[in-house]
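Written out below as structure tokens is the structure these notes cover.
Counting convention: from 1, in listed order, for ligands and their atoms alike. The chain is numbered in sequence order, starting from 1.
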Amino acid sequence: MKLLTTVSELQEFRNSLKDKTVGFVPTMGALHDGHGSLIKRARAENDIVIVSIFVNPTQFLEGEDLDKYPRQLESDREGCVKLGVDAVFVPNVNDMYGENEPKIVADLIKGFILEGKNRPGHFDGMLTIVLKLLNTVKPTKAYFGKKDAQQLLLIEKMVESFFLDVEVVPCELIREKDGLAMSSRNAYLSNEDRENALLIYKGLNYAKMLIVENNEKDVSNLKKEIEKFLEPLSIEYIEVTDRKLNKIDFIEVDNSIILLAVKVGTTRLIDNIWI
Ligand code: AMP
């Protein structure tokens with residue numbers, strides 16, 4: 001497996017691939033089986049697989065966890081070797097960013113609600129780095145998790161709006177056996193936090209059960225039921241939208257998402273369930 005640390009190394013590698021199909025999985029590292037599922041799918045569907053590991057500073061807000069975000073390059077590299085990755089791209093910040101650069105403004109494509117409302121500027125940084133990465137890796141297909149549902153939908157919109165020549169592949173959200181959505185930030189949870197964090201999936205799952213078995217479609221009722229589960233946690237938002245991120249009052253099966261963000265202790269977690 002190749003380790004590429006500069007944009008020019010990446011471009012040279014990319015140019016050597018000629019007509020081969022390239023699957024790309026952008027990550028911030030501290031890889032877990034959620035990332036692994038994206039990588040496995042990319043491995044199955046392409047000649048070559050490239051994974052990037054880059055903790056992108058522009059998507060962190062002042063006071064967020066940029067400095068303490070888990071970094072474990074050695075074990076990430078080993079994991080990538082095991083999954084048959086061809087090249088890992090690990091650039092440094094100065095290589096990805098210059099001074100006084102333009103950026104993508106996510107507010108114009110529903111980046112101002114949900115995560116965008118709670119983390120203003122987060123999606124500008126995210127979309128800008130994803131655009132830079134897509135333009136350097138030039139993948140045939142790029143893989144993103146439904147775990148970050150709003151991120152996925154914004155990326156799909158950016159790709160469509162800028163006529164980017166890549167297929168975005170949405171991948172299922174992967175959970176621990178007990179239901180907790182896998183996340184690099186789970187490493188921050190104390191034992192007690194970890195136990196409390198299980199309420200998130202229990203609440204989402206209960207809402208799904210009410211929809212499927214009791215035909216409960218009223219969003220305000222569903223939100224109240226989820227809130228009851230999340231009582232010991234600090235709720236940032238619980239929202240229900242259609243698959244284009246429009247808020248809805250009634251569930252439409254096969255076209256709805258319940259999304260939430262909570263703080264468990266000091267750790268901010270997001271989760272969602274597609275209905
Ligand atoms: P991150 O390293 O957190 O920026 O995530 C990199 C990619 O992995 C994104 O497309 C995420 O949506 C995806 N991802 C993270 N956690 C999961 C998960 N539990 N299940 C599926 N995909 C995930």
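The protein heavy-atom contact nearest to atom 5 (O) of ligand 1 is His35 NE2, 3.5 Å. Scanning the protein for heavy atoms near atom 10 (O) of ligand 1, the closest one is Gly145 N, 2.9 Å. Nearest protein heavy-atom neighbour of atom 21 (C) of ligand 1: Glu172 O, 3.3 Å. In terms of protein heavy atoms, atom 17 (C) of ligand 1 is closest to Lys147 CB, 3.7 Å.
For Val25, no heavy-atom contact with ligand 1 is shorter than 4.0 Å. Only the side chain of His32 comes within contact range of ligand 1, with a heavy atom under 4.0 Å; no backbone atom does. Of the heavy atoms in Pro26, only backbone atoms (N, CA, C, O) come closer than 4.0 Å to ligand 1. Looking at Met28 against ligand 1, both its backbone and its side chain come within 4.0 Å, counting heavy atoms.
Listed by number with element, the atoms of ligand 1 under 4.0 angstrom from any heavy atom of Thr27 are 2 (O), 6 (C). Annotation for ligand 1: atoms under 4.0 Å from non-hydrogen atoms of Leu38 are 7 (C), 8 (O), 10 (O), 13 (C), 22 (N). The ligand atoms of ligand 1 that sit less than 4.0 angstrom from a heavy atom of Phe144 are 10 (O). Counting atoms of ligand 1 from 1 in the listed order, those under 4.0 Å from a heavy atom of Ile174 are 18 (C), 19 (N), 20 (N), 21 (C). Atom numbering of ligand 1 starts at 1 in the shown order; those under 4.0 Å from a heavy atom of Asp148 are 11 (C), 12 (O). Those atoms of ligand 1 with a heavy atom of Leu173 less than 4.0 angstrom away are 20 (N), 21 (C).
One hydrophobic cluster, built from ILVMFWY side chains closer than 4.5 Å, cannot hold both Val51 and Leu10; they sit in different ones.
By the 4.0 Å N-to-carboxylate-O rule, Glu45 lies close enough to Arg41 to be salt-bridged with it.
A cation-pi contact links Lys68 to Tyr188, judged by a cut-off of 6.0 Å to the six-membered ring centre and 45° from its axis.
Inclusion of Cys171 in the set of residues having an N or O under 3.5 Å from an N or O of ligand 1 is not warranted.
Atom CG of Asn118 has more than 12 heavy atoms from other residues, nucleotides or ligands within 6.0 Å.
Using modelled atom types and a 3.5 Å distance limit, the side chains of Lys20 and Asn46 yield no donor-acceptor pair.
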Passes salt bridge (charged side-chain N to carboxylate O under 4.0 Å, His left out), Asp124 versus Arg119? Steps please. CA-CA 10 Å; Asp124 298 356; Arg119 303 179 71 194; over 6 Å; no

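Considering every non-hydrogen atom in both Ala87 and Phe13, the closest pair reads CB-CE2, 3.6 Å. Gly145 and Leu152 make their closest contact through O-CB, 4.2 Å (heavy atoms, listed as atom of the first residue, atom of the second, distance).
Aromatic ring pairs are classed by plane angle as parallel below 30°, tilted from 30° to 60° and perpendicular above 60°; the pair Tyr206 and Phe229 is tilted.
A donor-acceptor pair is defined here as one N or O able to donate and one able to accept, closer than 3.5 Å; no such pair exists between the side chain of Arg268 and the backbone of Lys263.
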